[in-house]
Structures are given as structure tokens and as C-alpha cells.
Amino acid sequence: MTDAQLRHAMVGREIRASGINDLFDLAEAFLDRSAVRRALTRLDRTTLAVIGAVGRITGGASDPDERASIGDVVSQLSEYSDRPWDTAVIARRADHASALLLLEPRGTGYGSYSCVDEHFDTTSSSPVPSLEDLAGSPPPAVTGRVLKIDQRAIDRLAADRAFSATTATAELLMELERDPARELAKGGVSLPDTKRLAHVMAVDPGTVAVFLSLACRAGLVALENGSWLITEAGASWLQQSSGRRWAEVAGAWVAALPFGVRRVLGSRSHAIWGDELRTYTRWYYPAGGEWMASRVAECARDAELLGVTANGTSSTPGTLLLAEDDTAEKVMTSRFPPAVETVYLQHDLSIVAPGPLAPHVDARLRALADPDSRTLASSYRISTASVNRALAHGESAESILAFLTKIAPTGIPQPVRYLIGEAAARYGLLRVGPLHDADSAGAAARSYLRTDHPNLLDMIRVDQSLSGLALTRIAPDRMISRLEPDLLFWALTDARYPVAAENERREIIALHRNRMAKAKRSGENDALLALIARLRRQAAEAPSDTGQAWLSRRLEVAIRERATLSVSVAMPGGAVVDYLLVPASVGNGRLRAHDRKSAIERTLPLSSIVSLSPAAAS
């Protein structure tokens, strides 16, 4: 297998890198009974039927000449069902199972693995139904019952929910851009960050994780170094229209749905989601159990949140989306409130938007004013701190006034003009810059804080919220810190001090927070690919007879567990003899074991052992 094929199998089988030190560990991970069982619960009925049919035909034979062709599989399945079996579909399912190491490619056909076949035994406790059930059970009827309700009412409700979800997601991204959220080691966002995000998004704290999951699935946020950050794709998404925002998030959600679920949902225009969906899903994933039931519940929850459904009934845009119709975005957008590009400035320093603002207007307005309320007609409030923030990002009093004049048809009230002018005049009373010259009082210092108003440094010195900055006063007008200049600058900015950043020439410069998750190139920092490369290097550095090495590994496990094995041994004359052995030791290419039937000790060369398997319970 290539590295990419092996990685694909490990991801599909949920094999983790931890605890795997060599190729034999990896093999054991794939062979683990619970791992095989878990993999089978994730497969659809047809794929399970194909695996079961191959096992029925080959019987787990290790002979590479013993194989089941696609035609053989179709014939086997046809014995239990009169419905036609699509050869191309069967071939794709067989290839999929083979890629997951649940079937073995053998020339033009496939072979089975005994560790997989045992789960198709009706006498076992496996959740996998019998081959007869898998192939012969017809799909449940999908009636597509339609609620007796005005479809326009369903679409209005769905559009309201979709717009609210899109707005909440936008607030989530903007807040993460301002201040990342910490992920706990045990999973989940920390409680303080959850409450902060819920307040900003105007949602219940319990739904923050749902929105975060949807945003992550769409590639808008990413977990990096234990914190949730916005991505470059997320920053671009914020510049899109509301309709495009919805289409990208909802489209990513649909793409992540299991194929069978997506197919049945897409075929049920304006139908009720409920018992029929759960019944069909149980049929389509017959071994899924509670895992699939929870997936369906999450699916229904997210569909309501995104406006794909409303009160359990498919909306018109949702139906188009599930059917992969490109007009879904246009239809949903037509039901959204239209975006506006004008606001009204008030004498109390508030800014009122008569409707949802266009993304580019909203983004710039947020840079110089703080959101006050997040409803359909949002309001903002301008303050000295918010103007300082805009000035720190490169704005000037003139550019701020020009922007407000453009978007405010009723003009700019005098109090707003005065505030902007006063903030601009005070901006830069404190200056932060890089410290290069060695200083006996601060040899480890990296930045300085200077001002022509020493009383400001007195205020900072007694400000307990800034005690972590490790500021040391070395002159009436100067302090130094071990922090980098940008960290010192943003800490003072967040504390609402009129601070500006300057370079070595004491010129004011604009700083931007780099709080964006870096996009990873394909294969970069991939733990599984790194593991595979290491395992291949180990195998190349210590070449050996892989078959005998694996045989020794299995025998060593049996010795530790004091297990009884059924061992097939090739005799000199060509015959194969089966022994019931309890392995005692392995060394120098030979096995020493106790023969349970003859009650004697046998010593056998490993090269003569054809196969071994756990002995059947007596």
C-alpha cells in the first residue's frame, strides 16, 4: 500500500498513532475485534452485504487463488433477493471495503479476513445482521407525508432560523478573531469562553458547541495550539453576503451527511422528517445502533438550526440544497431581509442601522464602534476606546469622519465629531516601541513605554489589571518591559489607554493582531503520515522475513495469554497436519509448545507453520 492508501485506511478505521511502535502494532490495531466491529457499524447495508457475500464464497481462505469476483458476489446476493444488483455499485462497495482493509484484493476478485467474517456469524453477539437479512430485506417505504400547512409559512420560519444562524456564526467568527477561545484538554470550550461567546452570539450557551462544530466543518475556524481561531477562509466568509454565508455553511453540513441519509432526504420534497427518517436510517445502516441514532438526531437538530427544515418539514431552499441544486442559495437569499448600507448617528453617541448591514459596512463600522445590540436592526456605540482602536488599525480622524459621512444620510451630530477629534488629539500620548539599546536596569527588556505626561505612567503603575506586563520605570517619562512591543501595545489598548505603536525612527505605525489559524498544506504536520514514514524506516533498517516475524509476534501474544491455538503444519511429504497447541516459547526460528491432544511437547520450525488461529472453545 502507498502512504496515502495506508493513511486513508487508518483514518477510515479510526486508528490513532498513539501506542503504535512498529508495523506489527499497526496490524494488531487493524485486527482488533472491537476496531473491526466499530468499522462495520459505520458501513451501509450494501457494503456489509458485499463483505458478507465475499466471506460466504471464500470462507476466509488464505489461498490467494481463492477469490470472489464481482460476478460471484452479485450471484450470491441474488440468491436472497429478486431485486436487480447494479454491478458498478457492487464494485464500488467492494473497493471501499478493500480500502478500509475489510476485504483483501486478490487479482481480479476479493478475499475475506477471518477477523471480519466472525462478525457475520449469526451465533455471535455482533450487531451485523445475517447475509440473508442484509441482501433480502427490502427498504422501508418512504411515503413522504406532507404536513397540511402553508408551505410559505414553513419557508418564512426556515428563513428566519437560517438568517439567525448565519448572524450568530458571523458573531462567533468576529469574536474569535478578537479573542480566541480555549479548548479544554478533555474536550469542549472552557466555561468562561462559552459564556462570552454565547453573550456575543445572543444564543443559549448550550448551542455554542453546535455553531462551533458547523463553522469548523465549513473550514471557518480551526483548533490550533489549544485555542479556537478564525481561519483565512473564515475571514473571507465574513466579507460575503448573508445568502452566500448560509450556502457555504449549510453546504458543508450537507456534504458531511452520510450518503444514504442525504439521498433519502433529498428525495423527500417538503416531507415530514421524523419516524420515517429514523426507520430508513436504521435499515440503511443496520449495524449502526446508538451511534447512528445519535447521528440522525444531530442531523435533525442542525437541519432546524440552518433552516433546511422548519418544525420537522423540509423548506424549499433546504430541499434544493439536499438535491444539490445551485438555486438553493438564490431562493434562500430572496427570503432574507435585504442588506442596507446606511445608518443613523445619534447625539448620545449611538449608531442605529435600520436593517442588517452589508458585510463591508458592518466590518468597518465595528472597527470604530462597539456593537450595542444584535437584532435585525442592530445598534452600535462609539466611544473614546473604540476610536483609539480604529486609530491603532491605521484610521485617522479624517478617514473616520469621511466614512461616517458616506453612510449617515442625516449627517454627523456635533458630540460625535467632538469625540472623534478629542480621541485623535489624545491618541499617541503613550508610545510603545522596540528596545534595542542595552540598559543596566533592564538587560532582558524588549520594549519600552514612553510619554510626555508622567502622570499617565503613574496611572499604569497602580493599575492592577496591568500587573502582568512586568513594567519597570527607569525614568520619569519611560518604562520598560520584557514583553514584545506588540503584546505590550495590545494589552494597553485593551485596557483603553491612548497608546500608539512606533518604530525605531519613532514613526507611528499600524499594528494588526495575527490571530488567525494557519492553513495547513496537504500532508503537513500530519501525525499519521509521520508515523507511517517512521514505520517504513524501521522496516527498511531491520529487514526480515515479515511472515515469520508476524508469526512470532502472534505466538508471543499467545504465550503471554496462555492461549490454545490451532496450528497447521506442512509436513515433508506435502501433507498439512493440524495440531492443538499451547505455545511455550519462540526462539531461533522454532516454536516449543504443549500438544493438548497427545499431551507431549513438540518443537516445530516456524517455516513449516502454514497458519494458526485461536482454538475453538470445547
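Since this is a predicted model, take the numbers as computed values, not measurements.
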Novice: Measure the spacing between CE of Met479 and OG1 of Thr472 and express it to the nearest 0.5 Å.
Specialist: 7.0 Å
Novice: Answer yes or no: are there more than 12 heavy-atom neighbours, outside Arg431 itself, under 6.0 Å from its atom CZ?
Specialist: yes
Novice: Rounded to the nearest 0.5 Å, what separation is found between the CG atom of Asp458 and the NE2 atom of His453?
Specialist: 13.0 Å
Novice: Per the side chain to side chain contact (heavy atoms under 4.5 Å, CB included) rule, which among Val340, Ile351, Val343 passes with Ile407?
Specialist: Val343
Novice: Mind checking side-chain contact (heavy atoms from CB on, under 4.5 Å) for Pro359 and listing every partner two or more places apart, or none if nothing turns up?
Specialist: Arg245
Novice: Between Ile382 and Leu368, does a side chain to side chain contact (heavy atoms under 4.5 Å, CB included) hold up when you go through it step by step?
Specialist: CA-CA 7 Å; Ile382 194 168; Leu368 58 93; 4.2 Å; yes
Novice: Around atom CG of Asn455, are there more than 12 heavy atoms of other residues, nucleotides or ligands at under 6.0 Å?
Specialist: yes
Novice: Grab the two heavy atoms, one from Pro354 and one from Tyr344, that are nearest each other, plus how far apart they are.
Specialist: CG-CE1, 3.9 Å
Novice: Whether the side chain of Thr327 engages the backbone of Lys330 through a donor-acceptor N/O pair (distance < 3.5 Å, no angle test) should be reported.
Specialist: no
Novice: If you look at every heavy atom in Leu483 and Arg446, which pair is closest and at what distance?
Specialist: O-CB, 3.5 Å
Novice: Got a second to check how far Met332's CE is from Thr316's OG1, nearest 0.5 Å?
Specialist: 9.0 Å
Novice: Where do Ile420 and Leu404 land on the side chain to side chain contact (heavy atoms under 4.5 Å, CB included) test, with the steps shown first?
Specialist: CA-CA 11 Å; Ile420 294 172; Leu404 293 178; 3.8 Å; yes
Novice: Taking all non-hydrogen atoms of both residues, which atom of Val432 and which atom of Pro485 are closest, and how far apart?
Specialist: CG1-O, 3.4 Å
Novice: Apply side chain to side chain contact (heavy atoms under 4.5 Å, CB included) to the pair Asp494 and Asp179, showing each step before the final yes or no.
Specialist: CA-CA 11 Å; Asp494 291 341; Asp179 188 8; over 6 Å; no
Novice: Start with the C-alpha distance between Arg156 and Asp160, add both sets of side-chain angles, then the distance that settles salt bridge (Lys or Arg N to Asp or Glu O under 4.0 Å), and finish with yes or no.
Specialist: CA-CA 6 Å; Arg156 282 195 299 270; Asp160 288 344; over 6 Å; no
Novice: Quick check: does any side chain N or O of Arg473 sit under 3.5 Å from a backbone N or O of Arg461, one acting as donor and the other as acceptor?
Specialist: no
Novice: Between Val221 and Leu212, is there a side-chain heavy-atom distance shorter than 4.5 Å?
Specialist: yes
Novice: A side-chain contact here means heavy atoms from C-beta on lying under 4.5 Å apart; do Asp463 and Tyr497 qualify?
Specialist: yes
Novice: Under a 4.5 Å cut-off applied to non-hydrogen side-chain atoms, are Trp228 and Cys216 in contact?
Specialist: yes
Novice: Can you tell me how far OG1 of Thr493 sits from CZ of Arg496, rounded to the nearest 0.5 angstrom?
Specialist: 11.5 Å
Novice: Is it the case that the side chain of Ser399 and the backbone of Glu395 share a donor-acceptor pair, with hydrogens and angles ignored and the cut-off at 3.5 Å?
Specialist: no
Novice: Give me the ring orientation class for Trp490 and His393: parallel if the planes are under 30° apart, tilted from 30 to 60°, perpendicular past 60°.
Specialist: tilted
Novice: Short question: side chain of Glu304, backbone of Asn311 - any donor-acceptor pair under 3.5 Å?
Specialist: yes
Novice: So, Ser315 side chain and Gly307 main chain: donor-acceptor pair closer than 3.5 Å or not?
Specialist: yes
Novice: Leu238 and Asp362: side chain to side chain contact (heavy atoms under 4.5 Å, CB included), yes or no, with the steps?
Specialist: CA-CA 10 Å; Leu238 287 173; Asp362 178 65; over 6 Å; no
Novice: What pair of heavy atoms forms the shortest contact from Gly219 to Ala233, and how long is it?
Specialist: O-CB, 3.6 Å
Novice: In the structure I gave you, are the side-chain heavy atoms of Leu471 and Leu457 within less than 4.5 Å of one another anywhere?
Specialist: no
Novice: Kindly determine whether Arg152 and Asp155 satisfy salt bridge (Lys or Arg N to Asp or Glu O under 4.0 Å), including the steps that lead there.
Specialist: CA-CA 5 Å; Arg152 289 176 297 181; Asp155 288 346; over 6 Å; no
Novice: Quick one: do Arg182 and Asp193 make a salt bridge, cutoff under 4.0 Å?
Specialist: no
Novice: Would you check if the side chain of Ser213 reaches a backbone N or O of Ala209 as a donor-acceptor pair within less than 3.5 Å?
Specialist: no
Novice: Could you give the distance from CD (Glu232) to CD1 (Ile230), rounded to the nearest 0.5 Å?
Specialist: 10.5 Å
Novice: Is any side-chain heavy atom of Ser350 less than 4.5 Å from a side-chain heavy atom of Ser379?
Specialist: no
Novice: Please indicate whether Arg482 has more than 12 foreign heavy atoms, meaning atoms of other residues, nucleotides or ligands, lying under 6.0 Å from its CZ.
Specialist: no
Novice: Does the side chain of Glu248 come within less than 4.5 Å of Glu329's, by heavy atoms?
Specialist: no
Novice: So, the side chain of Ser314 versus the backbone of Thr319: is there a donor-acceptor pair under 3.5 Å, distance only?
Specialist: no
Novice: Run through Pro338, Pro337, Ser378 and flag the one making a side chain to side chain contact (heavy atoms under 4.5 Å, CB included) with Pro356.
Specialist: Pro337
Novice: Other residues, nucleotides and ligands only: do more than 12 of their heavy atoms fall within 6.0 Å of CG on Asn225?
Specialist: no
Novice: Considering all heavy atoms of both residues, which atom of Tyr427 and which atom of Ala392 are nearest to each other, and what is their separation?
Specialist: OH-CA, 3.2 Å
Novice: Over all heavy atoms of both residues, which pair between Ala339 and Leu357 is shortest? Give the atoms and the distance, please.
Specialist: CB-C, 4.4 Å
Novice: Say whether, by atom type as modelled, one donor and one acceptor occur between the side chain of Thr342 and the main chain of Ala408 under 3.5 angstrom.
Specialist: no
Novice: If you define the side chain from C-beta out and look only at heavy atoms, does anything of Glu422 sit under 4.5 Å from Thr384?
Specialist: no
Novice: Inspect the surroundings of CZ in Arg16 and state if more than 12 heavy atoms from other residues, nucleotides or ligands are less than 6.0 Å away.
Specialist: no
Novice: So do the side chains of Leu469 and Leu449 get within less than 4.5 Å of each other, counting heavy atoms only?
Specialist: no
Novice: Quick check for you: to the nearest 0.5 Å, what is the distance between Met174 atom CE and Thr169 atom OG1?
Specialist: 10.0 Å
Novice: Just by distance, do the side chain of Glu183 and the backbone of Gly188 share a donor-acceptor pair under 3.5 Å?
Specialist: yes
Novice: Donor-acceptor check, side chain of Thr451 to backbone of Pro454, threshold 3.5 angstrom: yes or no?
Specialist: no
Novice: Please check if the number of heavy atoms outside Arg534 that lie under 6.0 Å from its CZ is greater than 12.
Specialist: yes
